[in-house]
Amino acid sequence: MTSLVVAPPLLVCRAHIAYGDRRVARDLSLEFPAGRTTCLLGRSGVGKTSLLRWLAGLLPGATQAQPIAFMAQSDLLLPWLSVLDNVLLGYRLRGDAAALRSAEGRARALLDDVGLAGRSGDRPDQLSGGMRQRAALARTLCEDRPVVLMDEPFAHLDAVTRFDLQDLAARLLADRTVVMVTHDPLEALRLGHHIRVLSGPPLAAGEPIEPSGPLPRDPADAALLGLHARLLAELRGQPT
Amino acid sequence: MTSLVVAPPLLVCRAHIAYGDRRVARDLSLEFPAGRTTCLLGRSGVGKTSLLRWLAGLLPGATQAQPIAFMAQSDLLLPWLSVLDNVLLGYRLRGDAAALRSAEGRARALLDDVGLAGRSGDRPDQLSGGMRQRAALARTLCEDRPVVLMDEPFAHLDAVTRFDLQDLAARLLADRTVVMVTHDPLEALRLGHHIRVLSGPPLAAGEPIEPSGPLPRDPADAALLGLHARLLAELRGQPT
Amino acid sequence: MRPLVTAVGLLLGWEGLVWLTGAPPYILPPPSRVLTVLIERLDLLLAEALWTAAEMLIGLLLGLALGAALAVAFAASAGWRRWALPLVVASQAIPVIAIAPLLVLWLGYGMASKVAMAALVIFFPVVSTLYDGLRRTDQGWLDLARTMDANPRAILLQIRLPAALPALASGARIAAAVAPIGAVIGEWVGASAGLGYLMTLSLARGQTPLAFAALVVLCLLGLALYHATDRAARRLVPWQSQGE
Amino acid sequence: MRPLVTAVGLLLGWEGLVWLTGAPPYILPPPSRVLTVLIERLDLLLAEALWTAAEMLIGLLLGLALGAALAVAFAASAGWRRWALPLVVASQAIPVIAIAPLLVLWLGYGMASKVAMAALVIFFPVVSTLYDGLRRTDQGWLDLARTMDANPRAILLQIRLPAALPALASGARIAAAVAPIGAVIGEWVGASAGLGYLMTLSLARGQTPLAFAALVVLCLLGLALYHATDRAARRLVPWQSQGE
Amino acid sequence: AQDKVRLLLDWFVNPDHAALVIAKQRGLFTKHGLDVELIAPADPNAPPKLVAAGQADYAVSYQPTLQMLVAEGLPLVRVGVLVAQPLNSLVVLEDGPVKTIADFKGRKIGYSIAGFEEAILGAMLEKAGLTLKDVTLININFALTKALMSKQVDGVIGAFRNFELNDLALHKAQGRLWPVEANGVPTYDELVLVAKRETVDAARTKKLLAAIAEATTWLLANPDEAWRLFSTSGKELDNELNKLAWKDTLPLLATDPTALDRDRYQVFADFLLKRRLIKQAPPLDSYLRPIR
Ligand SMILES: Nc1ncnc2c1ncn2[C@@H]1O[C@H](COP(=O)(O)OP(=O)(O)OP(=O)(O)O)[C@@H](O)[C@H]1O
Ligand SMILES: Nc1ncnc2c1ncn2[C@@H]1O[C@H](COP(=O)(O)OP(=O)(O)OP(=O)(O)O)[C@@H](O)[C@H]1O
Ligand SMILES: [Mg+2]
Ligand SMILES: [Mg+2]
């Protein structure tokens, strides 16, 4: 399950983001290095989701340069499709029958990985909140794109499931350009090559923090605990 | 802001919970002590939300014995009401004009507490995900009920905001009977008089864990760290 | 059992109305008289009802197909929207008396012109509600589909259309309810059979009870079609719980 | 500018239709003739249009009010649903020819019976869509309201009704589009003014161009009412983005 | 004080109503102490029923309609006459293939009033040696000239001799016409005045008919001035068709609206019976009320 395309970097260049009169970002420039996972932290409402939507080309003025997989803050499952069909949504929408057939096996495997093997025929409204989030995660991973954008992908999962799925994501997303919004500093430390704390308004990114060690990292690592404190302080608005 | 009614205990007595053929709980009996906060942990899909809905009297066979405030897993803000009006929804629905007037001040204070002071006139679709969750929290707290049921109330909040709002909740919910579902063992340790790990199916509750010390507890406490490991193990299905 | 109770209740209400307003039998015959005629002339009524039912059904199917196609065209193309939408709205303002000779000229006096007239009445609620539904799609879904490189066609057919099915169901219910009058109006184009024809005929001859018996049969046909459509519509959107 | 282009386009299309089908002028007059008559008899047409517009507007308002009230009653009470819903559905099957004498009997020859007839046509889409909307309320909101000890009335008025406003908007759009035909049908009850009256009269007199001029004015009235309603409907649900 | 009278026309105002309109315009009703309101409905079947229901005092209707309604038990009486002969006729295009009624064999005929017009047509065809089975009947719903001119049908029944030929002429077509009463159908009164049996007021009716008679006399003597008065009395009356029809209609108006030919009703009732349009013929006295 390696994509053939080499993952590109993501660039934000002098971006303006505004909703009506409310300016979220102004002249924002930022780079997300190719083939790496960048975790974004930031206070609620600072503009993380907006930035991600910008990167996905969903905001006015933004463009989507390369194929991406996008996992939004809400699960966005289609209620009329089974869980399996939801996971395969991208292939169904692109209408390539051969690709769809060949993807089905992977979709089932992914559902198995996220613990929904027995639920692939259920409708989304028969799932619990965490199950829905896992289905959305499986859909995003199934897309198999060089660039992956994820908005709080594990927010509704219990600690154990979260830990396992972090491993899964780290494995499947290796060598892709990933931008992941999270509220959990430990999650960022476990999964991010780079971690950036966003502040604002206007939206600004702190210096990238680059913990060492291969992904996924061990959260019990003492070095990480120090960074944890630093992240919290930065979040609190007191850069150390 | 103390409620006049003395908070009652909550009892689940030989409850059956099922969706069609899918049995979630069978002959479940459980007690939530009066005036205390019980935190529920459990794997995704085990039935936490179902249990909470049972307690709220929202499932067939269940009854709602006393006034409750219920915060669901999704924010359930009404898109046609301003944030302030959403917070006051209960008072508006009950149609008691005097109560509504007297609650407005508290609602504004609560919006201030959750960091939405400047957004009380906004429509919910102008808020970020975390802001919406904070508005829903304010609505729940504004209800000022002796029994409060909350389903993952802080899931979409960054670590700092979450910490502050945990304090707020602990302060405002003291002496009430609170049942809170959470996925964060540290949050449970910080806020719960009792912590119960749910397992299943069929749904069953582990022995109550009762950390010592007043709420909110300090997460850095060494005693809590031990309990943290125990909770994780119990979640993983290996009770220590 | 329940429909029977309802029917008896309605008949009593009707009798009460006759009694209260003092409407003479040649304007509003009492239900007892209408029932007698209904039973006496059942063979005639059923034969005519068959015609009307056929017009209703074909008109409804045609109206649904045409309405759905137009709504999709409006949702898909600004050109269709700009040029055809005013036409569609304006078409609802055309009385049968103005359009009947045209229909006859193009389609002749056969069933085709009647069905066309019926479909003209029936298709509009379908276009209108479905088009409304198609432009109300959740923005989140549309955004998701865009990130998946879906073309507008796929988005329309696989996201917007299924999401608009509850709206279509709503339109289909209205369409089913107006199908009887559509068929009767169709018969006005020039018919020699059907309940509408029978009604005009018997009203002209002063046989008001027979006219009302035909009306009762027409209403029953309408109710049956409405309930069948309602059932089908509920089945169309199983993911959406609908109260009674 | 754009409406003008549309109008010219439609006229060209009409002329083309006449040319293509070879419809004789006494059945489908060419737009040039109709335009001439339209301009020559503008004062007459406007005077008649005033009547019809009044009937349309009053009928629409009445229909909206009645439809909304009934939908709320259906949503609130199983009794209303059981007894009145079949009546409402059946009411759509009744042709004007059967009910006109009754209306005159009860409401006299004045405007009241015409408006009543128009409202009868107009109210149904409103009941149907709004009632559909009322029974589609998000279960989460209903549960929340229940935990807040809201009585069914408060839930209906403060949760279900606002949540169903997009559906009501959909119904109002249909109602506006059928309002012209409602008014014309109303004029059938016995009128001495109005565009429908003028149309019947001139068709019977072989003055087809005048009839079509009246039809054009009627369609314009319909379009204007539709667009006004569309605007109002969008304003009704500002929280819901609607594409063009 | 003026006696308020509500009179329902059979249809929109047209030259057939000349006497009524002129009586009103020249104040002849007022002169006889009546305040008459003329109301035009769109459905010719409704007025007699509304009179029977007491919603109006008089209605303009047709002899065949009256006899069929009375046979169905409506409490109506004929109190006067406006046109004392049939207007109905069978019409074809002059340059069409049908030269005699016998030529209709295998052709299409349009009608508008089911039952009654079928019966008339049946009688006419039988006189020419055909039956209804030899032709195809098509309901054209009053679009007579349109159906003829667009060649959707070969002939139409229900054409009024004072209107349809003129309508054809205005569209530069010529019609050929067979009057019904000359081709196998008993003669009858086309336009009659009816009232409700129980409440008919002889004295008032006398005044009404007197005003109508006076108006008829005047308009026959002053046809051009009468046309001006008529054509300006309401909307859309001043048009070519009405102008042409006016000339053809005046000679058809009954000079004596009180006239009553009882035999004609007996014969026509028998015709209706034979054609099975009525099940039994009510006694003439029950629905003929001579006003002298
Ligand atoms: N409406 C429904 N119809 C059918 N099955 C349902 C429904 N709601 C929940 N379930 C099933 O009931 C079980 C318990 O669901 P519940 O939502 O209570 O889980 P949970 O513990 O809250 O999970 P999570 O942590 O993911 O929110 C799950 O297996 C779920 O699939
Ligand atoms: N549709 C919208 N209309 C108006 N304002 C909006 C809209 N969406 C977001 N905003 C505003 O833009 C700002 C950034 O929102 P965004 O959703 O990007 O925050 P976030 O960092 O993702 O927050 P959270 O952690 O709570 O999800 C907030 O102030 C929010 O109120
Ligand atoms: Mg966000
Ligand atoms: Mg849950």
Side-chain angles (χ1 to χ4, degrees), chain C residues 18 21-30 33 37 40-41 44 48 51 95-114 117 184-214, chain E residues 42-55 61-62 64-76 108-119 132 136-153 156 196 198 272 275-279 282:
Chain C
V18 170
T21 61
Y26 40 86
I27 286 188
L28 179 63
R33 289 254 334 252
V37 173
E40 274 172 11
R41 313 295 301 273
L44 170 72
E48 303 296 327
W51 275 95
V96 57
I97 185 173
I99 208 173
L102 262 177
L103 282 180
V104 168
L105 191 70
W106 295 334
L107 301 172
Y109 279 105
M111 190 131 184
S113 52
K114 282 153 208 108
M117 193 68 226
V184 166
I185 287 181
E187 285 170 14
W188 213 88
V189 173
S192 46
L195 289 171
Y197 165 80
L198 184 63
M199 234 179 289
T200 325
L201 180 69
S202 26
L203 281 173
R205 289 214 229 157
Q207 301 173 320
T208 318
L210 181 57
F212 273 80
Chain E
D43 174 14
N45 296 308
K49 289 177 199 167
L50 289 169
V51 164
Q55 284 298 300
S61 191
Y62 320 105
T65 302
L66 169 69
Q67 288 185 297
M68 285 192 283
L69 291 182
V70 169
E72 291 295 334
L74 267 73
L76 292 168
K108 289 185 264 185
I109 303 181
Y111 71 99
S112 304
I113 302 175
F116 175 60
E117 286 178 354
E118 282 174 84
L132 278 176
T136 310
L137 287 184
I138 288 175
N139 185 327
I140 51 173
N141 231 323
F142 298 101
L144 303 178
T145 30
K146 284 175 191 153
L148 262 187
M149 293 176 55
S150 59
K151 309 249 169 14
Q152 296 286 330
V153 295
V156 293
K196 184 173 182 175
E198 288 84 12
L272 291 174
R275 291 276 156 192
R276 278 188 289 193
L277 287 171
I278 57 178
K279 289 193 211 69

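So that the names make sense, note that chain A is the first sequence line, chain B the second, and so on, each numbered from 1.
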Counting only non-hydrogen atoms closer than 4.5 Å, does E:N45 touch chain C with its backbone (N, CA, C, O), its side chain (CB onward), both, or neither? side chain
Do E:E72 and C:T208 come close enough that some side-chain heavy atom pair is under 4.5 Å? no
Top contributor to chain C contacts, counting heavy-atom pairs under 4.5 Å, from E:A53, E:S150, E:A143, E:A46: E:A53
Measure E:E118 against the heavy atoms of chain C and call it side chain, backbone, both or neither at under 4.5 Å. side chain
Using a 4.5 angstrom heavy-atom cutoff, name the option from E:L50, E:L74, E:D43 with the most pairs to chain C. E:L74
Taking C:P24, C:A23, C:A204 one by one, which has the highest count of heavy-atom pairs under 4.5 Å against chain E? C:A204
Would you mind checking which part of E:F142 comes under 4.5 Å of any heavy atom in chain C, side chain (CB onward), backbone (N, CA, C, O), both or neither? neither
Rounded distance [0.5 Å steps], CD1 in E:I278 versus CZ in C:R205: 10.5 Å
Heavy-atom contact with chain C under 4.5 Å, split by part of E:L137: neither
Atom of C:Y26, atom of E:P75 and distance for their closest heavy-atom approach: CE2-CD, 3.6 Å
Should the heavy atoms of other residues, nucleotides or ligands under 6.0 Å from CH2 of C:W188 be counted, would the total exceed 12? yes
Where on E:I138 is there a heavy atom nearer than 4.5 Å to chain C: the side chain, the backbone, both, or neither? side chain
Measuring heavy-atom distances to chain C, does E:K49 have an atom under 4.5 Å in its side chain, in its backbone, in both, or in neither? both
If we define contacts as heavy-atom pairs under 4.5 Å, which of E:K151, E:Q67, E:Q152, E:K108 has the most with chain C? E:Q152
Between E:V70 and chain C, which part of the residue has a heavy atom less than 4.5 Å away: side chain, backbone, both or neither? neither
For chain E, which residues from residues 105-114 of chain C lie under 4.5 Å away (heavy-atom distances)? C:L105, C:G108, C:Y109
